[in-house]
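To start, the structure itself, in structure tokens.
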There are 2 protein chains.
Amino acid sequence: MAHSPQTGYTIKKWIENEYSYFWQESYGQIYPTLKKLVAEGYANCEPEAKFENGRGQIIYQITDAGRLELTNWLKKEPQIEKLRYEILLKISFGKNAETQTLLTHLDEFKTRNKRLVQEMNSYMVQMDERSEEVECFYSQLTALCGVYVYSAMEKWAEEAKRRILERNNEKNE
Amino acid sequence: MAHSPQTGYTIKKWIENEYSYFWQESYGQIYPTLKKLVAEGYANCEPEAKFENGRGQIIYQITDAGRLELTNWLKKEPQIEKLRYEILLKISFGKNAETQTLLTHLDEFKTRNKRLVQEMNSYMVQMDERSEEVECFYSQLTALCGVYVYSAMEKWAEEAKRRILERNNEKNE
DNA sequence: GTATCCATGTAAATGGTTACATGATTCG
DNA sequence: CGAATCATGTAACCATTTACATGGATAC
């Protein structure tokens with residue numbers, strides 16, 4: 001909404017496309033909070049746009065109060081993220097698992113992260129190509145973070161596999 | 001519990017010490033689930049240990065059924081983690097913020113990640129020193145992941161700052 | 001004509017934190 | 001003695017997902 005008027009649906013799609021790797025919301029969150037934002041005066045919906053083209057779409061727009069609130073929020077120190085890496089939890093219980101299980105998990109994790117690095121990179125190239133049309137500097141910055149993190153994860157998974165195999169060989173000697 | 005008999009309290013402390021960077025639980029989760037585990041037969045508590053030394057501590061132990069369930073769970077593919085990096089959300093709204101705000105956030109993020117890398121490294125050294133006493137191979141593996149990820153984040157924050165400053169200079173020319 | 005997408009919404013369930021109450025023990 | 005820590009627990013609240021219902025528009 002801060003970028004342009006949006007419907008709840010397009011906000012969801014927007015998040016899926018641009019933010020999915022570090023943020024996600026469900027309709028169960030989006031629709032009620034949009035209503036709340038209107039009630040608080042941070043957004044307004046265009047009633048004239050309702051059923052405009054036979055559709056039930058409701059277009060929301062940010063208000064001046066909303067922009068003010070946004071900049072206030074942006075100034076506040078970002079919350080420390082609460083992570084829950086199930087793969088790490090499982091690895092930490094490695095003693096109770098078969099070696100093969102761990103290697104399989106790490107392999108899948110590595111493959112997934114490799115794919116994500118590629119996705120992020122091609123996303124950044126796409127952005128470069130469209131850089132004249134759309135403001136994309138900040139999207140690229142966040143995508144770059146993805147490249148850094150996913151690469152790190154990929155490398156870690158490789159190293160973890162190596163160490164597990166090495167340890168296994170020592171045991172069998 | 002899979003490692004040794006534990007009270008709810010010691011489980012919490014354990015998680016805080018060993019897992020805090022990738023997992024966290026509150027008492028509000030731990031105590032009810034311990035009871036649930038007993039009800040399902042995956043754990044049992046020692047009633048004879050209750051009030052043993054004047055304390056109300058309840059020591060839980062994993063059962064055979066619990067171990068079986070644990071290995072089954074370990075075999076299952078780890079869930080894809082749902083991340084919520086508020087800092088990335090704020091950066092992506094950079095257009096609506098002052099440059100100084102973004103640089104401050106990135107600076108704090110960088111400092112925090114730098115500190116975490118150091119923590120993880122010293123944790124790994126500690127583990128090395130105690131490697132004869134305790135099984136620590138898997139704890140080290142997960143700590144290593146921390147080193148990789150936090151280093152990546154630190155480097156990204158540095159690069160992001162650099163790009164923002166560079167862009168700012170171009171604008172002012 | 002039927003499958004997919006556009007579009008809005010809610011109810012129930014689950015997941016998780018916070019704040020509080022309680023009381024013993026330990027350390028200075 | 002007072003503060004910190006050990007230790008258990010719950011109720012209220014907040015956050016979030018899932019599953020479902022509805023129906024028009026579009027594409028094949």
Side-chain angles (χ1 to χ4, degrees), chain A residues 1 4-40 43-61 73 76 78-86 88-89, chain B residues 1 4-40 43-61 73 76 78-86 88-89:
Chain A
M1 256 201 306
S4 64
Q6 299 275 338
T7 69
Y9 187 82
T10 55
I11 289 171
K12 175 81 160 87
K13 291 295 147 193
W14 187 272
I15 294 172
E16 274 171 21
N17 288 328
E18 307 242 330
Y19 302 139
S20 60
Y21 88 91
F22 67 84
W23 205 268
Q24 58 288 133
E25 296 291 351
S26 61
Y27 289 124
Q29 295 269 105
I30 289 168
Y31 286 115
T33 48
L34 279 172
K35 285 190 173 176
K36 212 181 139 205
L37 287 174
V38 173
E40 290 167 340
N44 53 46
C45 55
E46 293 175 22
E48 62 273 16
K50 257 189 203 170
F51 298 94
E52 180 195 48
N53 51 7
R55 300 261 206 87
Q57 62 179 359
I58 301 165
I59 299 166
Y60 290 90
Q61 251 184 306
W73 175 75
K76 273 194 278 181
Q79 270 178 43
I80 294 177
E81 45 286 331
K82 285 174 186 167
L83 307 173
R84 275 185 138 108
Y85 276 91
E86 203 175 277
L88 294 179
L89 197 60
Chain B
M1 258 199 307
S4 63
Q6 298 274 340
T7 69
Y9 187 82
T10 56
I11 289 171
K12 175 81 160 87
K13 293 293 147 192
W14 187 272
I15 294 171
E16 275 173 20
N17 288 329
E18 308 242 329
Y19 303 139
S20 61
Y21 89 91
F22 68 84
W23 205 267
Q24 58 288 131
E25 295 292 351
S26 61
Y27 289 125
Q29 293 271 105
I30 289 169
Y31 287 115
T33 48
L34 279 172
K35 285 192 173 175
K36 210 181 141 205
L37 287 174
V38 172
E40 290 168 342
N44 53 45
C45 56
E46 293 175 21
E48 62 273 16
K50 257 187 201 171
F51 297 94
E52 181 195 47
N53 50 8
R55 301 261 205 88
Q57 62 178 1
I58 301 164
I59 299 165
Y60 290 91
Q61 252 184 308
W73 175 75
K76 273 194 279 181
Q79 271 178 43
I80 294 176
E81 46 285 332
K82 285 173 185 166
L83 307 174
R84 273 187 140 110
Y85 276 91
E86 203 175 278
L88 294 179
L89 196 60

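Because the structure is predicted, anything quoted here is derived from the model rather than measured. So you know, we letter chains A, B, ... as the sequences are listed, proteins then strands, and number each from 1. Hydrogens, waters and symmetry mates are skipped; everything else that's a heavy atom, side chains included, is used.
Atom CD in A/Gln6 sits roughly 11 Å away from atom P in C/dA7 (whole-Å rounding). Atom CD of B/Glu25 and atom C1' of C/dG15 are 10 Å apart (whole Å). For the pair A/Ile15 CD1 and D/dT17 P, the interatomic distance rounds to 11 Å; values are reported in whole Å. A/Lys13 places its NZ atom 8 Å from the P atom of C/dC5, with the value rounded to the nearest Å. As a whole-Å value, the separation of B/Glu81 CD from D/dT16 C1' is 18 Å. With rounding to whole Å, A/Ile11 atom CD1 is found 15 Å from C/dC6 atom C1'. Atom OH in A/Tyr9 sits about 9 Å away from atom P in C/dT8, given to the nearest Å. Atom CG in B/Leu83 sits about 15 Å away from atom C1' in D/dT16, given to the nearest Å.
Residue B/Arg84 has its side chain nearest to D/dT17 when only D/dT17, C/dA7, D/dT8 are considered. Comparing atom distances between the A/Pro32 side chain and each of C/dT17, D/dT17, C/dT10 picks out C/dT10 as nearest. Of the candidate nucleotides C/dG9, D/dT10, C/dT18, D/dT10 has the atom nearest to the side chain of B/Tyr31.
B/Gln57 is not listed as a side-chain neighbour of B/Thr10, based on a closest heavy-atom distance of 4.5 Å or more. Side-chain contact check for B/Met1 versus B/Leu37: some heavy-atom pair is nearer than 4.5 Å. A heavy-atom distance below 4.5 Å is found between the side chains of A/Arg84 and B/Gln24.
Residue-level contact check: B/Lys35 touches the backbone only, with heavy atoms under 4.0 Å from sugar-phosphate atoms and none from bases. A/Thr7 comes within contact range of the sugar-phosphate backbone alone, with a heavy-atom separation under 4.0 Å but no base atom that close. Among the heavy atoms of the strands lying under 4.0 Å from A/Gly28 is at least one base atom, whether or not backbone atoms are also near.
Rounding to the nearest 0.5 Å places OH of A/Tyr31 at 10.0 Å from NZ of A/Lys12.
Between B/Thr10 and B/Gln29, it is B/Thr10 whose nearest contact on DNA chain D lies nearer the 5' terminus.
For the side chain to side chain contact (heavy atoms under 4.5 Å, CB included) criterion with B/Tyr60, the lone passing option out of B/Val38, B/Thr7, B/Ile11 is B/Val38.
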